[in-house]
Amino acid sequence: MCLRCPIFPYMVRYILKHLFFAHSNTRGKATALLLVAQAILLVLFGLFVDYDVAAGPRNNSLTTHTTLAHYYPIYQDVHVMMLIGFGFLMTFLKRHGFGSVGFNFLLTCYVIEWSTLVNGWFGMIGSNEGRILIDIKSLLEADFAVAAVLISFGAILGVASPVQLIVMATIEVVCYNVSIYVGIHPLLTYIQVTDVGGSMFIHAFGAYFGLAVARVLYKKSQTLSKNEGSEYHSDIFAMIGTLFLWLYWPSFNAGPASGTERHRAVINTVLSLSACTVVTFALSAVTDKKNKLDMVHIQNATLAGGVAIGASADLIVQPFGALLVGSTAATVSTLGFRYLQPVLQRNIKLHDTCGVHNLHGMPGILGAVISAIVATIATKDAYQDSYHELFKDASRTSSQNGGYQIAALVCVLCIALLSGTLTGFLLKLPVWDNLSAEELFEDEVFWDVSGS
Amino acid sequence: MCLRCPIFPYMVRYILKHLFFAHSNTRGKATALLLVAQAILLVLFGLFVDYDVAAGPRNNSLTTHTTLAHYYPIYQDVHVMMLIGFGFLMTFLKRHGFGSVGFNFLLTCYVIEWSTLVNGWFGMIGSNEGRILIDIKSLLEADFAVAAVLISFGAILGVASPVQLIVMATIEVVCYNVSIYVGIHPLLTYIQVTDVGGSMFIHAFGAYFGLAVARVLYKKSQTLSKNEGSEYHSDIFAMIGTLFLWLYWPSFNAGPASGTERHRAVINTVLSLSACTVVTFALSAVTDKKNKLDMVHIQNATLAGGVAIGASADLIVQPFGALLVGSTAATVSTLGFRYLQPVLQRNIKLHDTCGVHNLHGMPGILGAVISAIVATIATKDAYQDSYHELFKDASRTSSQNGGYQIAALVCVLCIALLSGTLTGFLLKLPVWDNLSAEELFEDEVFWDVSGS
Amino acid sequence: MCLRCPIFPYMVRYILKHLFFAHSNTRGKATALLLVAQAILLVLFGLFVDYDVAAGPRNNSLTTHTTLAHYYPIYQDVHVMMLIGFGFLMTFLKRHGFGSVGFNFLLTCYVIEWSTLVNGWFGMIGSNEGRILIDIKSLLEADFAVAAVLISFGAILGVASPVQLIVMATIEVVCYNVSIYVGIHPLLTYIQVTDVGGSMFIHAFGAYFGLAVARVLYKKSQTLSKNEGSEYHSDIFAMIGTLFLWLYWPSFNAGPASGTERHRAVINTVLSLSACTVVTFALSAVTDKKNKLDMVHIQNATLAGGVAIGASADLIVQPFGALLVGSTAATVSTLGFRYLQPVLQRNIKLHDTCGVHNLHGMPGILGAVISAIVATIATKDAYQDSYHELFKDASRTSSQNGGYQIAALVCVLCIALLSGTLTGFLLKLPVWDNLSAEELFEDEVFWDVSGS
């Protein structure tokens, strides 16, 4: 059916003409591969994807209308985080604003489609269902996969071509699902941990996958580029991203939860982020020689509280506990930006454009550790009817639950680093529009900026 | 009652003083007419408008509280689309940022008031009710009228004075309602089609009305202006608009629906927009000589998927169908920007500042055609309890329903082009602060930019 | 417990080292006091704050899940107003963008924590409860305290150091609660008025508190600074703030309400803001010598309709009444910016950076007066079941209710001006990183702008 659709002849002609015959030596021509990818996605959706009953034909005797109301406002918040939040956060680079917000947009859209399929396939494991049934929750879960990919994107911002990014995203979504399958999936009961806001499965995974890719792609020229830096207005654009991420982070962490757990996740996240911001301002000033604030910290480390509270957002950490988590995250993240990042760049040749190690990597690990502590001290009395919803394996003790949180973290890190490294080597193959030294952090390469 | 209000003496004095006696030869003085307009609106609201029972005195024995919860989050999303979405999308012009975001703001507010009245009057046709009863749904419907006007605004951005825009909006809201009355109104059963997201009644109407106005206002000098172009930061501002339009478009298309149809409209719109974005990036690169991406395409054509899925968003197009609609819309829109727009400008003297023909016009027509196809293949079995909610005339066959979708499109286009042309000639009268050649696309004319 | 937490040693070392030994004569070192403040907040939260039952352990036999759904979307809107709305509105200054959006961010986060405590303590007066139980409504109320502080911030934008701002916020939150306690608290039945949108208790209070501080801090050099002014792009950034404030203002005014009152508050606010915007455009143009629009008016006076309808948003003002309120507010605000502000600066040495007197001060008073009029004409017949929810003291006549609205306004103004003046003198003490003449309105002082 798809093969008869009217856009096919155009597609084929353009791909042939532009890829192989036309203007040689131009960047961006591999972008045509996106047409092939979209065509394949179209076919796969035709073969596998259907509406869930809540979005299907109406049956007035069923009440299926509450799903949308339960998820939609939160979904939209998360959606804003992906495109405005991540997109604008990355516009801090002075000559890479188009690429930051643009490729962020492209990656988001591509991954929404691709992860709907991959998430669905992994969800089908062990069931007899041959179709992926999608509803608003599927869209929310697709956005979580998007988040992991965009975090990785941050690590290689300005040093990869759009086609390299698409290839990376394609692989990463699969590995992301493997990691979730190993750590959370209801069928695989070995580990089965709790991580409502994705400290481990989204933030740590996305960060270490991206950092592994970044390490492999490292070139000395990256550290010498004059374009890698901000200017006054690009830093203000970036604050749009920071603030929308900060504002809607409670929706990100509370999205998958329901009942009083969702309510608690909102409160914990707001408190953690607030304390994180206060401490970030303080540390940014006191660690500077002239006691001046650094925009990089304000744009990034203020968000670490959202990452670190992720895995325990729906747990009973107590309000003061949430403040403590946020304060600790701010400390780890700000000191990471100030002291650790230059060391890693010099010593292990890790160039991390957006500092995702400080915003998502270490705070993600911190979040896992906190969740382990909170799980260890959790009691059935304290959680009442939600205890076995949060800690699913009724045969385990609380300290065992704590231990499994750490085990899951180790799994996630291994999968991320291994798959990221392999992906990095794949991206080094010279077929993907790779960038030369003078093309780094520069919109000129892929964008028509003549009018600008 | 209104005549006794304290602001009247001020108003009258200012109008008299500034319009007729003061500084001659200044632009913007006709802006004072807004005071007269606002006074008239105030009187008309006093005569006609009242709260609906859901917003009136509380009667605890009635359950009227669900209306607000059902519409409010979606209303706010649509509201953001109007002011941030359309407003910032138009800031791409390098010397017309104030005018873009400012007049967009003014038009939105004026049309919220005016369309509340006009929508209400049309809604009263055939009823004995002498008052317009407003609730949150009325506000949502007012925003739909705003959308039509803002689309038309895009076609003449930078070439019309605020007073010309207000006059245009005043007329357009009436014509917009005529078109809806002919095509959808429950009393007029001749046509009565389905168009939940307004592909025809909002997008195609707004676009062709505006294009007709633009054609009549055409001056050769428009095409020579050096101000018509973007710069680096204005293009990033415009992306704020693009992304908020993209993000909240599902709310626009799903807003009027309920039940599983609303859920489906969200899913279809997200999928269509995602595919549209991927294909837009691909085509923008492959059709460029140097394979570089064009910001105009990324800012606009990525949204065509929202327009094209509009009329069939709540229909069962299937997930792969939504991707196909988005891919097709991207193709039509991107190729329209690249190839058709320059041809139209040269050959039929159509200057379309924002390219609304490519974003709203052609994709709107495409949306109508798609809805006709989907209506034709619709069966009562497939739609179950919602079949006659979507296709109201129970005496028609499915293929008749499909035919009526096309008939409605033809009506909309005729009304839009005819009324737009007449409005254009009215706006050419030299009483409306008309702009001279050197004043085009330039904030200096209407804004105090001395401090800037 | 807190003393054992791992971040303490770091904190103590940094405070000691940087405050007392290191680089002398640097601005911003007092920022380290934030670490002390955060540590104290942590302890106080540990001592006093707990989850409300709606966010506590789940008890499936209770239905506590509706609180979150009732408040969350509205809370998020209000939250966006604080950080994006206020934050970006203040970026109009050409060399103070970092400080505007940054210190706004810091203040918001600090006040969320601090006001959760102070609001809670005031709420505990007269009860035996020893713990502050927080839920989503507490977070919303914290944001209302944030709003008051950010309004005051606007009056001294660019002339105070972050530490001065934190000290001001610390005191202001207490005084804000005193004012609410006197005017609204259910225990203190002397006054007990209605003010759903905070015209008096948030806007007038915040404005006059801030103006009193600004008056005391006044230095001649403020009026001579070349940095106090906008540039083209900073004015467009500011419009992001304006529009998000405008868009989400209905949530601000309707947030605390429920039932048909909430619905009505949304409608009244949208109508008032729309009329306000139209009239602001008109008056901005007609009062200018060259009939040009002034961005200051468009950014600010367009919002006065939200302030002025605040106290009567949930009352039956009728739709035309809402338009009248908005039109009047626009007139007061725009003429205030144009004519009154320069007079106040010359004659009583009041320098009001953001013009909060015109946006929050006078429109706040106007709102109180309007609410008095509406309360006076209110009848039990007209309001039915909500009459005694809105006007709590059943022993009063309607005109008495009107009188009490004015009495509350007088109380608010007295408390605000008195406490603001005292706070101003405290801030003049030379221990708070005070700014010298050449440091005003300049990011250089507190921010590392070397890369920018």
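Proteins get letters first, then strands, A, B, ... in listed order; numbering begins at 1 in each.
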Below 4.5 Å from any heavy atom of chain B, which atoms of [X] appear? Answer side chain, backbone, both or neither.
X        : value
C:Gln299 : neither
C:Val317 : both
C:Thr280 : neither
C:Gln76  : neither
C:Leu271 : side chain
C:Asp77  : side chain
C:Leu390 : neither
C:Val270 : side chain

Say whether, by atom type as modelled, one donor and one acceptor occur between the side chain of C:Ser272 and the main chain of C:Asn268 under 3.5 angstrom. no
Mark yes or no for whether C:Asp235, through its side chain, and C:Ser230, through its backbone, hold a donor-acceptor pair below 3.5 Å. no
Look at B:Asp135, B:Ile240, B:Thr108 and state which one has the largest set of heavy-atom pairs under 4.5 Å with chain C. B:Asp135
Taking every non-hydrogen pair under 4.5 Å, which of [options] racks up the most with chain B?
options                               : result
C:Ser284, C:Pro73, C:Ser386, C:Ala275 : C:Ala275
C:Gln318, C:Met239, C:Arg262          : C:Gln318
C:Leu323, C:Leu273, C:Val332          : C:Leu323

If the test is ring pair (Phe, Tyr, Trp, His ring centres under 6.0 Å), which one of B:Phe86, B:Trp447, B:Tyr110 qualifies with B:Phe103? B:Trp447
Going by the side chain to side chain contact (heavy atoms under 4.5 Å, CB included) test, name the single residue among B:Val146, B:Leu140, B:Leu139, B:Ile112 that passes it with B:His79. B:Ile112
Less than 4.5 Å to any heavy atom of chain C: does that hold for the side chain of [X], its backbone, both, or neither?
X        : value
B:Phe48  : neither
B:Tyr71  : neither
B:Phe237 : side chain

Could you give me the CA-CA distance, side-chain angles and deciding distance for C:Phe281 and C:His297, then say whether ring-ring contact (aromatic ring centres under 6.0 Å, His included) is met? CA-CA 8 Å; C:Phe281 270 85; C:His297 306 162; over 10 Å; no
Between the side chains of C:Arg338 and C:Asp288, is the shortest nitrogen-to-carboxylate-oxygen separation below 4.0 Å, so that they form an ion pair? yes
Check whether NZ of the Lys or CZ of the Arg B:Arg95 lies under 6.0 Å from the centre of the six-membered ring of C:Tyr232 and within 45 degrees of that ring's axis. yes
